[in-house]
Amino acid sequence: MLFWLVNLLAYKRLVAQNRRKSGEHIPMSRNSSLIIAATALLCLAQSSMGQAQRKKSGGGAAEHANKGVELAQGGAYDEAIAEFTKAIQLNPKDARIYNDRGRVYHRMNRFPEAIEDFSKAIEIAPKDYAGYSERGSTQVSQNQIDAALADLNKALELKPNDAQTLRWRASAYRGLKQYDLAIQDYTAVLSQTDPNSSDQAKLAAADLFAKRGYTYSLMQQYENAINDYKEAIRLNPTDTDTPQRLQYAESMLAAKNAPPPTAKLTPTPTPTPTPGPSFITPRNIGIAIAVLLIIAVIVRLVTRGKPEPTSGRIR
């Protein structure tokens, strides 16, 4: 309509110029003025309708999405899901809204719905790291480590050194017992963290130190674990789990460094001599006496049978 209005104004101006050149002065008719005014009003109405329509679709979706974020931050997850769903109905091509709703599903442990939303976000915006990172984190929560690593690595390819993605990949590596790689990712995140920037950053750093300390403990590197646990407790004194893990690491380190027990020298006992066989027994004594009696009897009998020798004198 604006096109026709411009053309009409140009035509009227050309006619007026021609009439001036010819010396003719004809005032603009009332009907022509009304036509121009009506055309202008119609164009304004059409423009207003277009702006209202855009506000209803895009602008309304943004309002619902922002409200969903506020509700999610306050813990009203069901209400947040409803707002995000309304936003998606008004603007189904916005990947960010799917990611927002998927995060809430993740917090509610509704993992299949979260995976579906993140997959839709990836379909809409395949060059955006967020969908891959969020889907990977959900897969870690479901212990789907191989699939999680594929998504997390893709996210880091699109956005290198993203702290949140590195945290989740460290958890995935720890689940695979690839502790060295997990330590590398935790250390990379800590290098980007400033605990003094805010209370939230301080708690986040404390959690990182606690997780890295636990990984060191699994590697039996108890000294490193103790240092990380102490730093975690310093940053978050209200933590109740880390002091117990610190106590365990200290006891394991003490046992590891304890000297081996000294073997006590036990004197070798002198063997008791085994007595030889004894011949002096009542039985043997009885036999010996009997033998002596028999010999005496035999001697007596032998001596009685012989004449006694004489001296040759008469008695």
Side-chain angles (χ1 to χ4, degrees), residues 66 68-81 84 96 99-111 114 118 129-130 132-143 145 148 151-152 155-156 159-175 179-219 221-250:
N66 292 335
V69 171
E70 293 177 0
L71 290 169
Q73 291 174 346
Y77 295 146
D78 289 328
E79 292 83 352
I81 290 294
F84 287 132
R96 294 172 298 177
N99 283 328
D100 288 337
R101 190 174 69 173
R103 292 185 189 98
V104 179
Y105 278 136
H106 188 171
R107 293 180 189 177
M108 299 172 71
N109 293 330
R110 294 170 61 175
F111 299 126
F118 296 138
Y129 84 100
Y132 297 102
S133 179
E134 297 293 347
R135 190 171 69 177
S137 68
T138 307
Q139 290 164 338
V140 171
S141 299
Q142 292 186 288
N143 203 30
I145 305 300
D151 275 345
L152 295 171
L156 289 170
K159 187 180 180 181
N161 298 321
D162 177 65
Q164 189 66 21
T165 307
L166 286 171
R167 287 175 64 124
W168 282 107
R169 192 174 70 172
S171 297
Y173 281 140
R174 193 176 65 194
Y179 301 131
D180 290 334
L181 295 176
I183 291 294
Q184 290 179 14
D185 279 352
Y186 283 132
T187 304
V189 180
L190 282 169
S191 66
Q192 304 177 33
T193 304
D194 181 10
N196 298 320
S197 61
S198 65
D199 291 339
Q200 185 177 2
K202 184 178 294 185
L203 294 177
D207 182 66
L208 283 169
F209 278 111
K211 283 183 168 60
R212 192 176 69 173
Y214 179 63
T215 307
Y216 276 130
S217 183
L218 292 174
M219 300 171 69
Q221 297 184 12
Y222 298 115
E223 292 182 358
N224 292 331
I226 290 170
N227 292 333
D228 275 357
Y229 286 149
K230 288 182 177 180
E231 184 64 13
I233 295 171
R234 186 187 70 82
L235 293 171
N236 183 15
T238 62
D239 187 0
T240 57
D241 294 331
T242 304
Q244 298 178 1
R245 292 181 175 178
L246 172 62
Q247 185 177 2
Y248 172 79
E250 288 175 338

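In this structure, L203 CG and N236 CG are separated by 5.0 Å, a value rounded to the nearest 0.5 Å. Remark: D162 CG to R169 CZ distance equals 11.0 Å, nearest 0.5 Å. To the nearest 0.5 Å, atom OH of residue Y129 and atom OG1 of residue T165 are 6.0 Å apart. If you take OH on Y186 and NZ on K211, they are separated by 6.0 Å, rounding to the nearest 0.5 Å. Atom CD in Q221 sits 6.5 Å away from atom OH in Y216 (nearest 0.5 Å). To the nearest 0.5 angstrom, K159 atom NZ is 10.5 Å from Q164 atom CD.
With sequence neighbours excluded, the residues that form a ring-ring contact (aromatic ring centres under 6.0 Å, His included) with F111 are H106.
For Y214, the OH atom is loosely surrounded, since the number of other residues' heavy atoms within 6.0 Å does not exceed 12. D194 CG: more than 12 foreign heavy atoms inside a 6.0 Å radius. By the 6.0 Å contact criterion, CD on Q192 is enclosed, its count of non-hydrogen atoms from other residues, nucleotides or ligands being greater than 12. For Q247, the CD atom counts as loosely surrounded, since its 6.0 Å shell holds 12 or fewer non-hydrogen atoms of other residues, nucleotides or ligands. Open room surrounds CZ on R96; 12 or fewer heavy atoms of other groups in view lie less than 6.0 Å from it.
Under the side chain to side chain donor-acceptor pair (under 3.5 Å) test applied with R212, the options N227, T187, D207 reduce to a single match, T187.
Considering every non-hydrogen atom in both A182 and A170, the closest pair reads CB-O, 3.5 Å. Pairing each heavy atom of A232 with each of A206, the nearest pair is CB-O, 3.4 Å. Across G102 and A114, no two heavy atoms sit closer than the pair O-CB, 3.5 Å. E134 and S137 make their closest contact through O-OG, 2.7 Å (heavy atoms, listed as atom of the first residue, atom of the second, distance). The shortest heavy-atom contact between A205 and T193 is CB-CG2, 3.9 Å. In terms of heavy atoms, N161 sits closest to L156 at N-CD2, 3.8 Å.
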**Message:** Using the rule given for side chain to side chain contact (heavy atoms under 4.5 Å, CB included), can you reason through D151 versus Q139, listing the C-alpha separation, both sets of side-chain angles and the distance that settles it, and then say yes or no?
**Reply:** CA-CA 9 Å; D151 275 345; Q139 290 164 338; 3.2 Å; yes

**Item:** V140/L152 under side chain to side chain contact (heavy atoms under 4.5 Å, CB included): CA gap, chis, key distance, verdict
**Value:** CA-CA 10 Å; V140 171; L152 295 171; 4.2 Å; yes

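Within the 4.5 Å cutoff, side-chain heavy atoms of R101 are placed close to those of I81. Side-chain contact between M219 and D180 is present, with at least one heavy-atom pair separated by less than 4.5 Å. I233 has its side chain out of reach of D239: every pair of non-hydrogen atoms, C-beta onward, lies at least 4.5 Å apart. In this structure, N224 and I183 have side chains that are not in contact, with every pair of non-hydrogen atoms separated by 4.5 Å or more. Contact of the Y179 side chain with the S217 side chain is not registered, since no non-hydrogen atoms from C-beta on lie closer than 4.5 Å. Here the side chains of N99 and F118 are in contact, with some heavy-atom distance below 4.5 Å. Looking at heavy atoms from C-beta onward, M108 lies in side-chain contact with D78 at the 4.5 angstrom threshold. Here the side chains of R103 and D100 are in contact, with some heavy-atom distance below 4.5 Å.
The backbone N or O of A130 sits nowhere less than 3.5 Å from a side-chain atom of S133 that would complete a donor-acceptor pair.
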